[in-house]
Structure formats: C-alpha cells, structure tokens
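Below is one structure, written out as structure tokens, with a few remarks after it.
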Amino acid sequence: MKRACVIGWPIEHSRSPLIHGYWLRTLGIEGTYTREPVAPEDLAVFLESLSARGFAGCNVTVPHKEAALKLAAETDAAARAIGAANTLWLENGTLCASNTDAYGFMTYLGRKAPQWKKRDAPVVILGAGGAARAIVHGFLEAGVRRVRIFNRSRGRSEELAQHFGSSLEVGDWGEREAGIRDATVLVNTTTLGMKGAGDPGIDFSKVHTDLIVSDIVYVPLETAFLAAARHQGLATVDGLGMLLHQAVPGFEKWFGVRPEVTDVLYDLVRADIEGA
C-alpha cells in the first residue's frame, strides 16, 4: 500500500486528506493520505525517516516550507525560485522537493479566466509573503513583463523585487488603488478576508472593466474583496482552485497516476468549507 501525508504544526485544519482521499477512492488506488503533526524541532528527523515510516512523500504546510527546501537533497526550479517547498517525494532514496503553488494558481486562473492575457498590462499583487513569491514566479514564467507589489511593509516588497529583478515594481500600501487602475489581474495574497476578518479595502469603481480579481483566501469561498469586485461587474477567481490544482503533481509523484480536478471534487471541498 502506497502512503503519503501532509505535515505541519498545527495540521488539523488541512483539507489535503479530503482531496487526496477522493482521488484515491475514485481512481481505485490502494493507498492512504494522512495528517501528520510535526513540530519544527522534529522536522529533520521526520523527513529522514519518511521511508522507514512507509511514506512515498508528503505535502508541507506552515511553518515548514522554507526548512523543507533546505533539507531536500534535490530541488526543482520552482522551489528554488520561490524559496520554499510544499511537495516532497523520495526518488531512489533521495529526498526531492518542489513548489506547486505557482502551478496551482496559474492553472486555475487559466481555466477560470482564460482572457487574463488579453491585454498587455501590469499584474498587481497585494502582499509580499510566501504565497506572493509563488504567484510572482508563476506570472513571470507566463511571460508577464510588469508585476506591481503593494504590501503593508514596503521592506518585504523590496526583498521580492531584489529576488525577481526589474520586472517587479514596488509601491506603498496607500498607493494600491492608483496602482490597479490599468491592471489586467489583481491578486490578494494577504490574509485580509480570511474567515471574514479584514479586507484589503479596494474601490473597484475606477479600474479597467476587464480587470480580473483573484483572492487566494478560500475560507470563506467568496471574500468581501471578491464580492465587491463581482458587484462592480468584474470577473473573479476564488482561492479554492489553487488549493485543488497544486495538489495534482504531488499525487502523481506518490501514487503514479495524474488525477483530475473536477467539478465533483470542487463541490466536495466547497461543501466541507461551508459546513465548517
């Protein structure tokens, strides 16, 4: 029986077992995917013993993503560019690492709003944390030439600009509304709006009518940020699709079959979110 897991501290909130468990059942694979609580001080020992514990690999969530990258013997370009790993697997006994967040975000954006490339215009990202790094990487890989970053702490934005280069423009948080007026995509990567707490505070009345607005928060599925954009008639992209699509490459690594993100799976996880 093939086994995989998700590790974090805490880990009880993770919906990864729901996603991977669905795929195991529907694909008829004899395997398991479990939550494994791992304290930061225990991470290195846990990863060294993955094979002994019977695991083919694991997903990694907070607070372990950066440490997991450093502990892996082999890393791919995405993990190195983002500076964190969310997917680990064993290959001939060697611990390998990837980051599939950029893949997950860009895949869902392309499916939900394929028109996002229609205008040669800047992409604007709110926030400058780990998720922002992944999404910046995704847009640059897709050929976007200008990405604007607005974060409450300008210093973190400037760190991203130094890492990714001249395609990034940094603005102060108070300049964010002016910075999105000509944008093609706006992405909230901050925690503002999570569980209904806070909001990035954007007035969408002066933006381009083709602006696509995305929020990586998925609890609630429609944040106040997305609702305000939708009420203005703008196309919106929720955060659940990123969660589902980022899970695909890991499942294929561990269980040998590439799964599909279907409406049935989306509805299953949405119902779990709404019932929480």
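All values reported here derive from a predicted model rather than from experimental measurement.
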Roughly how far, to the nearest 0.5 Å, is the CZ atom of R270 from the CG atom of L240? 9.0 Å
Mark yes when over 12 heavy atoms from residues, nucleotides or ligands other than E30 sit less than 6.0 Å from its CD; otherwise mark no. no
Picking from D76, N86, T75, what satisfies side-chain hydrogen bond (donor to acceptor under 3.5 Å, both in side chains) with S98? D76
Minimum-distance pair of heavy atoms, taken over all atoms of A72 and C96: CB-C, 4.4 Å
Among all residues two or more places apart in sequence or in another chain, which pass the side-chain hydrogen bond (donor to acceptor under 3.5 Å, both in side chains) test with S214? none
Regarding N188 and T190, do their side chains bring together a donor and an acceptor under 3.5 Å, going by distance alone? yes
Contacts of type ring pair (Phe, Tyr, Trp, His ring centres under 6.0 Å), residue F204, not counting sequence neighbours: F225
Hydrophobic clustering (ILVMFWY, side-chain heavy atoms < 4.5 Å, transitive) - are I212 and L140 grouped together? yes
Please work out which of the three classes, parallel, tilted or perpendicular, describes the rings of W254 and H20, given edges at 30° and 60°. tilted
Could you measure the distance from the CG atom of L50 to the SG atom of C5? Nearest 0.5 Å is fine. 6.5 Å
Give a yes or no on this: more than 12 heavy atoms of other residues, nucleotides or ligands lie within 6.0 Å of atom CD of E252. yes
Side-chain contact test, heavy atoms from C-beta onward, threshold under 4.5 Å: evaluate it for I180 versus H208 and give yes or no. no
Salt bridge between E158 and R154, side-chain N to carboxylate O under 4.0 Å? yes
My understanding is that only residues two or more places apart in sequence, or in another chain, count here; which of them pass side-chain hydrogen bond (donor to acceptor under 3.5 Å, both in side chains) with R53? S49
Value rounded to 0.5 Å, distance of CD in Q115 from OG1 in T184: 8.5 Å
Please check if the distance between the ring centroids of F150 and W173 is under 6.0 Å. no
Looking only at side chains, do T34 and E36 share a donor and an acceptor under 3.5 Å apart? yes
Any side-chain to backbone donor/acceptor pair from T189 onto L126? Under 3.5 Å, distance only. yes
Please report the interatomic distance CD(E169) to CZ(R146), rounded to the nearest 0.5 Å. 6.5 Å
Of all heavy-atom pairs between L192 and R152, which one has the smallest distance, and what is that distance? CD2-NH1, 3.6 Å
If you round to the nearest 0.5 Å, how far is CD of Q246 from CZ of F251? 13.5 Å
State, to 0.1 Å, how close A247 and I19 come at their nearest heavy-atom pair, and which atoms those are. CB-CG2, 4.2 Å
Do you know the tightest heavy-atom contact between N99 and A84? ND2-O, 3.0 Å
With the 4.5 Å side-chain cut-off for hydrophobic clustering, are L47 and W9 part of the same group? no
Aromatic ring proximity W116/F139, centre distance under 6.0 Å: yes
For D203 and S205, test the side chains for any donor-to-acceptor distance below 3.5 angstrom and give the result as yes or no. yes
Quick one: does W23's side chain have a donor or acceptor within less than 3.5 Å of a partner on I29's backbone? no
Could you give me the CA-CA distance, side-chain angles and deciding distance for D182 and R119, then say whether salt bridge (charged side-chain N to carboxylate O under 4.0 Å, His left out) is met? CA-CA 10 Å; D182 62 339; R119 286 193 298 122; over 6 Å; no
So how far is it from D101 CG to R133 CZ, rounded to the nearest 0.5 Å? 12.5 Å
Do F105 and L160 belong to the same hydrophobic cluster, where Ile, Leu, Val, Met, Phe, Trp and Tyr are linked whenever their side-chain heavy atoms lie under 4.5 Å apart, directly or via other members? yes
